K.L.:
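Just passing along the structure, written as structure tokens.
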Amino acid sequence: MSTAIVTGASQGLGHAVAAELAAAGWDLVVDARTAPDLRAAAAHLDALGPGRVTANPGDVTDHAHLAALVESAGETLRLVVNNAGTLGPSPLPALAEYPVQGLEQVLAANVVAPLRLIQLALPALRANRGVVVNVTSDAAVEAYPGWGGYGASKAALEQLSHVLAAEEPGVRVYRLDPGDLRTAMHQAAFPGEDISDRALPEERAQALLRLAAGDLPSGRYTAAELLRVGARV
């Protein structure tokens with residue numbers, strides 16, 4: 001049985017991805033900052049498949065918490081999904097007014113934490129020819145007013161992923177852009193606006209299963225292209 005770590009798995013895309021993996025038979029180690037929400041999510045995941053679900057509440061910016069996730073996964077760890085992250089200040093400020101402390105927090109959660117988790121997981125990933133999926137955004141590659149802080153963090157995560165793939169040829173390293181989703185984070189980016197036209201996380205989560213197989217070259221993929229072309233990617 002292979003084990004996956006999925007961060008930010010109590011809601012949104014993280015929970016949808018974990019549900020797909022659970023149904024596919026993976027053992028899971030999942031985390032979120034709010035313990036009651038994570039327990040409820042883990043109970044749902046546990047009912048979806050035969051695998052073991054370990055819920056480990058905590059903050060990804062806490063190094064000890066990340067070490068505990070990897071320890072819980074053990075030697076069968078084959079997949080790390082860095083999904084947890086933060087939007088930053090809301091409403092989204094222009095860079096001219098962006099609080100530097102807020103940017104530091106965004107970078108800590110969206111760049112430093114994923115790297116720390118990958119570093120801790122690499123021994124098992126190397127041994128198991130494993131997979132890293134770093135969830136990114138079109139804000140990493142496009143210039144959207146107000147998205148400078150978040151976009152900069154995702155651009156840094158993309159470059160980190162790109163270099164890691166060159167340094168670790170035995171591990172698949174994917175950058176997954178899920179597209180605009182109907183999530184709490186996306187709603188926070190557009191307070192008071194109707195975002196019901198965005199896709200539900202469940203509609204895009206199956207794209208990650210395509211990457212979890214590890215048979216595609218390391219690189220950047222969008223959920224839309226993975227779901228559209230399937231095995232022909």
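Computed from a predicted structure; not experimentally measured. Heavy atoms only: backbone and side chains are in, while hydrogens, waters and symmetry mates are out. For the single chain, residues carry numbers from 1 onward in sequence order.
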K.L.:
Would Leu209 end up clustered with Val53 when hydrophobic side chains under 4.5 Å apart are linked, directly or stepwise?
P.N.:
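Leu209 clusters together with Val53.
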
K.L.:
Shared ILVMFWY cluster between Leu211 and Leu77, side chains joined below 4.5 angstrom?
P.N.:
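Looking at the clustering, Leu77 is in a separate group from Leu211.
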
K.L.:
About how many Å separate OG of Ser72 and CD1 of Ile5, when rounded to the nearest 0.5 Å?
P.N.:
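Going from CD1 on Ile5 over to OG on Ser72, the span is 8.0 Å.
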
K.L.:
Would you find a donor on one side and an acceptor on the other, under 3.5 Å apart, between the side chain of Lys154 and the backbone of Val135?
P.N.:
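Yes; at least one donor-acceptor contact below 3.5 Å.
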
K.L.:
Using modelled atom types and a 3.5 Å cut-off, is there a donor and acceptor pairing between side-chain atoms of Asn128 and backbone atoms of Gly130?
P.N.:
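Looks like no, no N/O pair under 3.5 Å.
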
K.L.:
For the side chain of Arg204 and the backbone of Pro178, is there at least one donor-acceptor N/O pair under 3.5 Å apart?
P.N.:
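Yes, Arg204 side chain to Pro178 backbone: donor-acceptor pair under 3.5 Å.
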
K.L.:
Are Leu122 and Leu115 connected into the same hydrophobic cluster when the rule is that any two of I, L, V, M, F, W, Y join if their side-chain heavy atoms are below 4.5 Å apart?
P.N.:
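Yes; Leu122 is reachable from Leu115 via cluster members.
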
K.L.:
Begin from the C-alpha positions of Arg210 and Leu216 and carry the test side-chain contact (heavy atoms from CB on, under 4.5 Å) through to its verdict.
P.N.:
CA-CA 8 Å; Arg210 181 74 179 96; Leu216 294 174; 3.3 Å; yes

K.L.:
Among Asn83, Val81, Ile118, exactly one meets side chain to side chain contact (heavy atoms under 4.5 Å, CB included) together with Asn134. Which residue is that?
P.N.:
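Testing each of Asn83, Val81, Ile118 against Asn134, the sole residue satisfying side chain to side chain contact (heavy atoms under 4.5 Å, CB included) is Ile118.
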
K.L.:
Judged by atom type as modelled, is there a donor-acceptor pair below 3.5 Å linking the side chain of Asn110 to the main-chain atoms of Thr86?
P.N.:
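It does hold such a pair.
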
K.L.:
Rounded to the nearest 0.5 Å, what's the gap from NE2 on His44 to OG on Ser10? Could you check?
P.N.:
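Going from NE2 on His44 over to OG on Ser10, the span is 13.0 Å.
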
K.L.:
Distance-only, no hydrogens or angles: does the Thr7 side chain make a donor-acceptor pair with backbone N or O of Ala84 under 3.5 Å?
P.N.:
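Checked: pair present.
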
K.L.:
Would you list the atom pairs, donor with acceptor, under 3.5 Å between side chains in residues 17-42 and any protein atom, with sequence neighbours excluded?
P.N.:
| residue | atom | partner | partner atom | Å |
| --- | --- | --- | --- | --- |
| Asp27 | OD1 | Arg52 | N | 2.6 |
| Asp31 | OD1 | Gly8 | N | 2.8 |
| Asp31 | OD2 | His65 | NE2 | 2.7 |

K.L.:
Using atom types as modelled and distance alone, determine if a side-chain donor or acceptor of Arg220 lies under 3.5 Å from a backbone N or O of Arg175.
P.N.:
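No: the side chain of Arg220 does not pair with the backbone of Arg175.
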
K.L.:
For Glu158 versus Ala140, what's the shortest heavy-atom pair and its separation?
P.N.:
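Taking Glu158 first and Ala140 second, the nearest heavy atoms are OE2-CB, 3.8 Å.
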
K.L.:
Does the side-chain contact (heavy atoms from CB on, under 4.5 Å) test come out yes or no for Leu200 and Glu203, once each step is laid out?
P.N.:
CA-CA 5 Å; Leu200 290 169; Glu203 296 174 34; 3.5 Å; yes

K.L.:
First locate atom CG of Leu176, then atom OG1 of Thr136, and finally report the distance between them rounded to the nearest 0.5 Å.
P.N.:
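OG1 of Thr136 is found 8.5 Å from CG of Leu176.
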
K.L.:
Is there a path of hydrophobic side-chain contacts, each under 4.5 Å between heavy atoms, that joins Val70 and Leu164?
P.N.:
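Yes: a chain of side-chain contacts under 4.5 Å links Val70 to Leu164.
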
K.L.:
Should Asp177 and Tyr221 be marked as a side-chain contact (heavy atoms from CB on, under 4.5 Å) after you check the CA-CA gap, both sets of side-chain angles, and the distance that decides it?
P.N.:
CA-CA 6 Å; Asp177 177 0; Tyr221 297 89; over 6 Å; no

K.L.:
Would you please test Leu227 and Gln206 for side-chain contact (heavy atoms from CB on, under 4.5 Å) and show each step?
P.N.:
CA-CA 7 Å; Leu227 293 172; Gln206 282 193 349; 3.9 Å; yes

K.L.:
Considering all heavy atoms of both residues, which atom of Tyr174 and which atom of Pro217 are nearest to each other, and what is their separation?
P.N.:
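Where Tyr174 meets Pro217 most closely, the heavy atoms are CE2-O, 3.1 Å.
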
K.L.:
Per the side chain to side chain contact (heavy atoms under 4.5 Å, CB included) rule, which among Val173, Asn82, Val80, Leu79 passes with Val133?
P.N.:
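Of the listed options, the one satisfying the test is Leu79.
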
K.L.:
Which atom pair, heavy atoms only, marks the closest approach of Arg78 to Ser2?
P.N.:
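Minimum heavy-atom contact is NE-OG, 3.2 Å.
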
K.L.:
Please list all pairs passing the salt bridge (Lys or Arg N to Asp or Glu O under 4.0 Å) test where one or both residues lie in residues 117-144, with sequence neighbours left out.
P.N.:
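Listed once each, the pairs are Arg126-Glu168.
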
K.L.:
What is the minimum heavy-atom distance between Ala205 and Leu13, and which atoms define it?
P.N.:
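Looks like CA-CD1, 4.4 Å.
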
K.L.:
Looking only at heavy atoms, which two atoms of Ala64 and Asp62 are closest? And how far apart?
P.N.:
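Closest approach of Ala64 to Asp62: N-OD1, 3.0 Å.
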
K.L.:
Which atom pair, heavy atoms only, marks the closest approach of Leu92 to Gly146?
P.N.:
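Nearest pair, atom of Leu92 first, then Gly146: CB-O, 3.2 Å.
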
K.L.:
For the pair Tyr150 (side chain) and Val106 (backbone), establish whether a donor and an acceptor sit closer than 3.5 Å, ignoring hydrogens and angles.
P.N.:
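The answer is no, because no donor-acceptor pair under 3.5 Å joins these two groups.
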
K.L.:
Verify the cluster assignment for Leu160 and Leu117: are they in a single hydrophobic cluster under the rule of side-chain heavy atoms below 4.5 Å apart?
P.N.:
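Yes; Leu117 is reachable from Leu160 via cluster members.
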
